Amino acid sequence: MKPIIQPDELLSLREQGSSYILIDATNSKVARAEYEKEHLDGALFVDGNTQLAHIGEDASKGGRHPLPSVAQFAHSLKSLGITPDSHVIIYDTVFGGNSAARFWWMLTAVGHQKVQVLSGGMSAAQQVGFPSNNNVVKASEVGVYPVTEWQLPLADIHEIETNVGREDYVVIDVREANRYKGITEPIDTVAGHIPGAINVPFMSNLDEQGMFLTEEQLREKYTAILQDYPLENRAVHCGSGITACHTLLAITAAGIPTPKLYVGSWSEWSRSNKPIATEA
């Protein structure tokens, strides 16, 4: 199953009466309130801070959005009525869909096979006629999802520190250029980037309408970036481990093996007395 689904494909599934679980994974301070006001018909809401992360008191230990334990995630999937056989389609309301990609990564990382992110998100679905409303949606009652470990590759701060700057190791920073360069930093405490990391903003995965580029375009783009590095020497990060998943999704959609996710990302690195580079 392709990891990205187009709005017209989602509409067709609905019209055919196909079985799927639709998830609004928007992650913002007002996300739940906006969901309760309006969401795609039949969509459930997943909370990025409490269900897709286990936020601690110290961001220097794991970043601003550390992963929950697999056991915690398994119970979150239960609360959403998701079983290993479920076809899960995820969207968000933010241009580009970065938080939807985080849920995609987590589901894929526990071995879930049928999971897709909706290209263009809620607005694109509405444009093709998919209905939205504020109806209360209840999840089906199911058992705890059977998981044991994260199966997609991860990198921690020690691996990044040890390898960054090596000619055969690449760290991709997907934040916008001004954050990477250290010109501005609206969220974390220090501006700049990991020395040796390259900047490939996640927005470059999209066209002007906020839709993912085609598989062929993504393959050409990321083959050129990654081809000189061994599979095990590719890592992607962002501010807190959410937006990096957007690029991991784009790379996977291109048919290229999924690189490592550095979950702690800049929020951990910049608080851990590690070297910092700027171009300001």
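Predicted, not measured: the structure shown is a model, and the values here were computed from it. Hydrogens, waters and symmetry mates play no part in the numbers below; they use all other heavy atoms, side chains included.
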For the [atom1] atom of [X] and the [atom2] atom of [Y], what is their distance to the nearest 0.5 Å?
X: Q217; Y: L206; atom1: CD; atom2: CG; value: 11.0 Å
X: Y229; Y: R166; atom1: OH; atom2: CZ; value: 11.5 Å
X: Q116; Y: L22; atom1: CD; atom2: CG; value: 11.5 Å
X: H237; Y: T243; atom1: NE2; atom2: OG1; value: 11.5 Å
X: I157; Y: R271; atom1: CD1; atom2: CZ; value: 11.5 Å
X: L218; Y: N205; atom1: CG; atom2: CG; value: 6.0 Å

*Please report the C-alpha distance between S204 and V200 in whole Å, then the side-chain angles of each, then the deciding distance to 0.1 Å, and finally whether the side-chain contact (heavy atoms from CB on, under 4.5 Å) criterion is met.*
CA-CA 7 Å; S204 66; V200 186; 3.9 Å; yes
Would you say that [X] contacts [Y] through its side chain, given a criterion of any heavy-atom pair below 4.5 Å between the two side chains?
X: P7; Y: L118; value: yes
X: L40; Y: Y91; value: yes
X: L152; Y: T108; value: yes
X: F202; Y: N98; value: yes
X: V88; Y: Y20; value: no
X: T278; Y: H193; value: no
X: I4; Y: W104; value: no
X: I23; Y: F45; value: no

Checking [Y] against [X]: is there a side-chain donor and acceptor pair closer than 3.5 Å?
X: S60; Y: D58; answer: yes
X: N27; Y: S99; answer: no
X: E34; Y: H39; answer: no
X: E38; Y: Q126; answer: yes
X: T83; Y: S86; answer: yes

Whether the side chain of [X] engages the backbone of [Y] through a donor-acceptor N/O pair (distance < 3.5 Å, no angle test) should be reported.
X: T247; Y: A244; answer: no
X: D47; Y: Q51; answer: no
X: E232; Y: P230; answer: no
X: Q16; Y: L13; answer: no
X: K181; Y: G192; answer: no
X: T223; Y: E220; answer: no
X: N233; Y: D168; answer: yes
X: N199; Y: Y180; answer: no

*Using the side-chain contact (heavy atoms from CB on, under 4.5 Å) rule, take K274 and E161 through it: C-alpha gap first, then chi angles, then the decisive distance, then the call.*
CA-CA 8 Å; K274 303 299 182 185; E161 183 176 28; 2.8 Å; yes
*asked:* Would you say NZ of K61 has more than 12 non-hydrogen atoms from neighbouring residues, nucleotides or ligands within 6.0 angstrom?
replied: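 No, NZ of K61 has 12 or fewer neighbouring heavy atoms, counting only those of other groups under 6.0 Å.
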_More than 12 heavy atoms of other groups within 6.0 Å of E216 CD_ =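 Buried by this count: over 12 neighbours within 6.0 Å.
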*Would you say the ring centroid of Y145 lies under 6.0 angstrom from that of H112?*
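For Y145 and H112, the ring centres are under 6.0 Å apart.
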_Once side-chain hydrogen bond (donor to acceptor under 3.5 Å, both in side chains) is applied, what residue pairs with a partner in residues 251-269 remain, sequence neighbours excluded?_
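Of all non-adjacent pairs touching residues 251-269, those that pass side-chain hydrogen bond (donor to acceptor under 3.5 Å, both in side chains) are E159-K260, T252-T258, Y262-E268.
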*Could you walk me through whether H246 and F212 pass the ring pair (Phe, Tyr, Trp, His ring centres under 6.0 Å) test, one step at a time?*
CA-CA 10 Å; H246 191 281; F212 275 94; 4.6 Å; yes
*Worked verdict on Q72 versus H54 for side-chain contact (heavy atoms from CB on, under 4.5 Å)*: CA-CA 9 Å; Q72 290 170 325; H54 184 67; 3.4 Å; yes
*Can you sort out the partners of R234 under salt bridge (charged side-chain N to carboxylate O under 4.0 Å, His left out), two or more places apart, ordered by chain and number?*
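Salt bridge (charged side-chain N to carboxylate O under 4.0 Å, His left out) check on R234 returns nothing, list empty.
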Do the side chains of [X] and [Y] get close enough for a salt bridge, i.e. N-O under 4.0 angstrom?
X: E215; Y: K2; answer: yes
X: D188; Y: R179; answer: yes
X: E185; Y: R175; answer: yes

*So if you build clusters from Ile, Leu, Val, Met, Phe, Trp, Tyr with side-chain heavy-atom gaps below 4.5 Å, do I172 and L231 land together?*
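No, no single cluster joins them.
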*asked:* The test is side-chain contact (heavy atoms from CB on, under 4.5 Å); show your working for N134 and K37 and say whether it passes.
replied: CA-CA 5 Å; N134 62 357; K37 182 179 179 181; 5.8 Å; no
*Please name all residues satisfying side chain to side chain contact (heavy atoms under 4.5 Å, CB included) with L154, sequence neighbours left out, ordered by chain then number.*
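Expected list: L67, W105, W150, L261, V263.
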